[in-house]
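Taking it in order: structure first as structure tokens, then the write-up.
If you read the sequence from its start, that first residue is 1, and numbering goes on from there.
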Amino acid sequence: MAQPSDDLAVELRTALATEGTTVQRYSYFSQVAEIEGHAEIAQAFSDLAESIACAAHGHIDALQGIADRHTRQTIGDTRLNLAASVADALHVANEVYPRLAARAHETGHADVASWLTTLGSLKRSHLTKFQVLLTALDAPSPAARAAATEGDSDD
């Protein structure tokens, strides 16, 4: 499949962000409705969130092979997806949340700044997890290690 133009890629990323936000909002609305005892409405919001997530996945599919503007990473296979996730977690933890937390402090919103600082820490923990997974992906599987060990014997 031919790569989308730069303009189309920008619009696809915007559409993806919109759909992703809608999925999160509907998931949240589903939880609120459930807590309030509106099971039918909760289920409707949940179903809609799942449907919209499918549209978001289609946007992601269309963006495979196109470098992200912040991380300069492409996505596609598991290795690319992990590398992109590492780069994104670095960007968000080291640039986005610290900038937002500083802005919240400057405007007198210490509680919001604290929340954003906590999220930065969470992103750093995600970064660690992604790095461990990437390292594990590069390590030979137990079966491959066993086969290599068998080949090394002097029997």
Pairs where residues 97-110 contributes a residue and the test salt bridge (Lys or Arg N to Asp or Glu O under 4.0 Å) is met, not counting sequence neighbours: none
Over 12 non-hydrogen atoms of neighbours within 6.0 angstrom of CG in D138: yes
Examine [X] and [Y] and state if one hydrophobic cluster contains both, with Ile, Leu, Val, Met, Phe, Trp and Tyr joined whenever side-chain heavy atoms are less than 4.5 Å apart.
X    : Y    : result
I60  : I52  : no
I66  : L8   : yes
W115 : V96  : yes
L122 : L116 : yes
V132 : L127 : no

Given L80, I75, D77, the one that forms side-chain contact (heavy atoms from CB on, under 4.5 Å) with Q64: I75
Residue that, paired with L133, satisfies side-chain contact (heavy atoms from CB on, under 4.5 Å) out of V86, L82, T128: L82
Check: T117 and Y97 side chains under 4.5 Å, non-hydrogen atoms: no
H91 vs D68 side-chain heavy atoms within contact, under 4.5 Å: no
Any donor-acceptor pair under 3.5 Å from S85 side chain to N81 backbone: yes
Under 3.5 Å: donor-acceptor pair, side chain of S30, backbone of Y26: no
Measuring from [X]:[atom1] to [Y]:[atom2], what's the distance to the nearest 0.5 Å?
X    : Y    : atom1 : atom2 : result
H59  : T18  : NE2   : OG1   : 8.0 Å
R124 : L119 : CZ    : CG    : 10.5 Å
E34  : E36  : CD    : CD    : 10.5 Å

Mind listing the side-chain donor-acceptor pairs of residues 42-50 below 3.5 Å, one per line with the distance, residues two or more places apart or on another chain?
| from | atom 1 | to | atom 2 | distance (Å) |
| --- | --- | --- | --- | --- |
| Q43 | NE2 | D47 | OD1 | 2.6 |

Minimal non-hydrogen separation, K123 against A89, with atom names: O-CB, 3.8 Å
